[in-house]
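Per chain, numbering begins at 1; letters A, B, ... match sequence-line order.
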2 protein chains.
Amino acid sequence: MKSAGKSGHRGKGRITLDDVARRVGVSAITVSRALNNPDKVSEALKERIQQAVLETGYVPNRAARSLASNASKTLAVIIPSVSNAVFSNVIKGIYDVCTPLNYEMIIGNTYYSLKQESNLIEKFLTHMPDGFITTGLDMSDDTRQRLEQSGIPVVQMMETGTREPIDMCVGISHLAAGREMAEYFIRKGYQRIGVIASQLDQRTRNRVQGFLSCVREHAPTQPDRVIADPRPSSVHLGGALFSELLAQFPDTDAIFCCNDDLAYGAIYECQRRHLRIPQQIAIAGFNDLEQSACINPSLTSIAIPLYSIGKTAAEMMLNRLKGQPTPTPVMDLGFRLIERESA
Amino acid sequence: MKSAGKSGHRGKGRITLDDVARRVGVSAITVSRALNNPDKVSEALKERIQQAVLETGYVPNRAARSLASNASKTLAVIIPSVSNAVFSNVIKGIYDVCTPLNYEMIIGNTYYSLKQESNLIEKFLTHMPDGFITTGLDMSDDTRQRLEQSGIPVVQMMETGTREPIDMCVGISHLAAGREMAEYFIRKGYQRIGVIASQLDQRTRNRVQGFLSCVREHAPTQPDRVIADPRPSSVHLGGALFSELLAQFPDTDAIFCCNDDLAYGAIYECQRRHLRIPQQIAIAGFNDLEQSACINPSLTSIAIPLYSIGKTAAEMMLNRLKGQPTPTPVMDLGFRLIERESA
DNA sequence: CTGAAAGCGCTTACAG
DNA sequence: CTGAAAGCGCTTACAG
């Protein structure tokens, strides 16, 4: 029953458009139309063709289609890490826009490395994607230039304001978000305010910067209470950085954790130390992951419109691919501070 | 500076192998060899070709390559959900094997739906992947047959023992894992043992089944304490199902949560109810995610060799693609119960 | 070590 | 509404 399909042989066994056409007694192009532009083929023929496709088990060859049509119907999507819950929401937004329009996505992870990002883009270029959706504005100059030269439209997601985008851009201002969290702490009356951060990608650094600048303005005599660690964000690391901050600044009364993961670790560490949150120490996070509403105490955090960012990025891209103008090449979708028990 | 690259036009602007060849004064095939089989081309030529590639910004066209060589160098990978931490580890394992051998992955999510799985496989078939790596043995008969007819090698990941694989298979026995958890509870002296489950994919059902069958053998007069909910697993749902179980069976003294996510929710709910874990109620999870070691109390769970499953799946596949035999088409990689504070 | 010819499976652009 | 011709950019298989 098995049809060959081994690689290496030329065209061995596989059913082609021609096979289907011959079986129906029409030309290949007519079968192609029946499959791709059904309204350009008469009903009767369409049915016979459908039948033949089913009987033969014909599978269209995307590579051939892409080569002949000079359009891959593919969007290259580049994110730091799919295992990061933040990006799975973004991806969902892109996916939901692409799928109905028959665009496919190829997704790659940079693991927060500009070098890996560069390799990935180089690799994805060979797929001749119709568009690139990438993460962040902090791309290496070489990569940026490579993308510009390709002539392929680019949407950069997640952050706005730190730099001119290559082409289009949708996200939020992490600087403003960090600042807003500091203002919130100050409004709540906290005095000795610290921040812990990991990963230290540009967006995280911007949150720290916005946060610190506001804290400094408010309490110019206080030292900067900051622990920054380049390692990937994790619950475990959150506990460690929290401990480090308290070791250096034991009188800290509020801590902004630049990711919810870190905040969970900080909360667990407080539990082990029998520190009362927020009475003895306030904790806030960033991203507002699902768990933040469930943990004890529930976590004050900043929610980002992740799904909308993905959706908008895809919409901007598909709009462009339809040949329409881009009235707003930079879109700031804003964020929302979610007040809960922890701060 | 922008080169055209718009779709719709035929071959507009893009640099091809021929362009590079002409510039160097050799034939296209020589350039192709310089790029793909460097040791078949003389040093001198190779350097001049590299130079020309750089100067022109030539990007090879994968579609053309795939069409001409009848090998896509692509593995189709089908998992329930990338946003599930469980699968990001598996993906990493596959990735680390594929990349050095220049295989690319296309990854698709079924969201635990057999219907979506079927659509996905249909879609991926058009990429002419050299292999399929799918999740679970519970595929619909139609899809299974479609895959068999394609003649493409298939590795099914994650579970073993519930059914003959289509081709190859690597995973663990979820039945045995559930059973082991029950034995552990019994050994620890718990008497009124319950289980909560969500998602209810085949692997989860098998864990429940293995767990329950062992509990029944040990306490034949007790009722089945089970709450099963088809919704996706989440921390929030864990709290809800935990509450439901306690409402139905208030004297339960130990609960197996079929995912760590559910267990976190159960732990948070215990904290809110001021129930002491494990003294008043024991909690155990499944998968041993990163957070399970950090939460309070730390979570007893079952660890699966996720990375190894992915790695092995890819190795079995690439082995087959090299034309080598498959001595062990079904591989059980085993699991490990991690004892911590919660049970 | 290098090349001329043919072909992979499809779609475009032009006719009719 | 349907088709004959040409071509997308690459690699295979055969020579030399």
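Secondary-structure stems of DNA chain D, taken as three or more successive Watson-Crick or G-U wobble pairs (i with j, i+1 with j-1) under a 3.5 Å distance threshold, comprise C:1-3 with D:14-16, C:5-12 with D:5-12, C:14-16 with D:1-3.
Considering B/Lys92, B/Met158, B/Met157 as possible partners of B/Leu306, the one that fulfils the side-chain contact (heavy atoms from CB on, under 4.5 Å) test is B/Met158.
Smallest separation of non-hydrogen atoms from B/Met128 and A/Asn61: CE-CA, 3.7 Å. In plain terms, the two heavy atoms of B/Cys169 and B/Pro165 that are nearest each other are CB-CB, 3.5 Å.
In this structure, a donor-acceptor pair under 3.5 Å is present between the side chains of A/Arg320 and A/Thr326.
Whole-Å rounding puts the A/Lys73 NZ to C/dC10 P distance at 17 Å. For the pair B/Leu67 CG and D/dC10 P, the interatomic distance rounds to 12 Å; values are reported in whole Å. Whole-Å rounding puts the A/Leu125 CG to D/dG9 P distance at 15 Å. For A/Tyr58 and C/dG9, the OH to C1' distance is 7 Å, given to the nearest whole Å. Taking atom CG of residue B/Asn70 and atom P of nucleotide C/dC10, one finds them 12 Å apart after rounding to whole Å. Whole-Å rounding puts the B/Arg65 CZ to D/dT12 P distance at 8 Å. Rounded to a whole Å, the CZ atom of A/Arg14 is 11 Å from the C1' atom of C/dC8. One atom, CG of A/Asp19, and another, C1' of C/dC8, lie 13 Å apart when rounded to the nearest Å.
Contacts with DNA chain D (heavy atom under 4.0 Å) in residues 45-54 of chain B: none are found. For the contact set between residues 33-41 of chain B and DNA chain D, defined by any heavy atom under 4.0 Å, the members are B/Asn36. Less than 4.0 Å separates DNA chain D from at least one heavy atom of each of the following residues of residues 25-32 of chain A: A/Val26, A/Ser27, A/Ile29, A/Thr30.
The salt bridge (Lys or Arg N to Asp or Glu O under 4.0 Å) contacts involving residues 23-32 of chain A comprise A/Arg23-A/Glu55, where partners must be two or more places apart or lie in separate chains. Counting only residues at least two apart or on different chains, the side-chain hydrogen bond (donor to acceptor under 3.5 Å, both in side chains) pairs with a member in residues 108-119 of chain B are B/Asn84-B/Tyr112.
Under a 4.0 Å N-O distance rule, the pair A/Asp141/A/Arg144 does not qualify as a salt bridge. The pair B/Lys73-B/Glu104 does not meet the salt-bridge criterion, since no charged nitrogen lies less than 4.0 angstrom from a carboxylate oxygen.
In terms of the side chain to side chain contact (heavy atoms under 4.5 Å, CB included) criterion, residue partners of B/Thr162 (sequence neighbours excluded) are, by chain and number, B/Leu137, B/Glu159, B/Gln202, B/Asn206. In this structure A/Thr134 satisfies the side chain to side chain donor-acceptor pair (under 3.5 Å) test with no other residue, sequence neighbours excluded. In this structure A/Thr99 satisfies the side chain to side chain contact (heavy atoms under 4.5 Å, CB included) test together with A/Tyr95, sequence neighbours excluded. Not counting sequence neighbours, the partners of B/Asn36 by the side chain to side chain contact (heavy atoms under 4.5 Å, CB included) test are B/Ser32, B/Arg65. Considering only residues two or more places apart in sequence or on other chains, B/Ser308 meets the side chain to side chain donor-acceptor pair (under 3.5 Å) condition with none of them. In this structure A/Glu43 satisfies the side chain to side chain donor-acceptor pair (under 3.5 Å) test together with A/Lys46, sequence neighbours excluded.
In this structure, A/Ser66 does not reach the C/dC10 phosphate: none of its side-chain N or O atoms is under 4.0 Å from OP1 or OP2.
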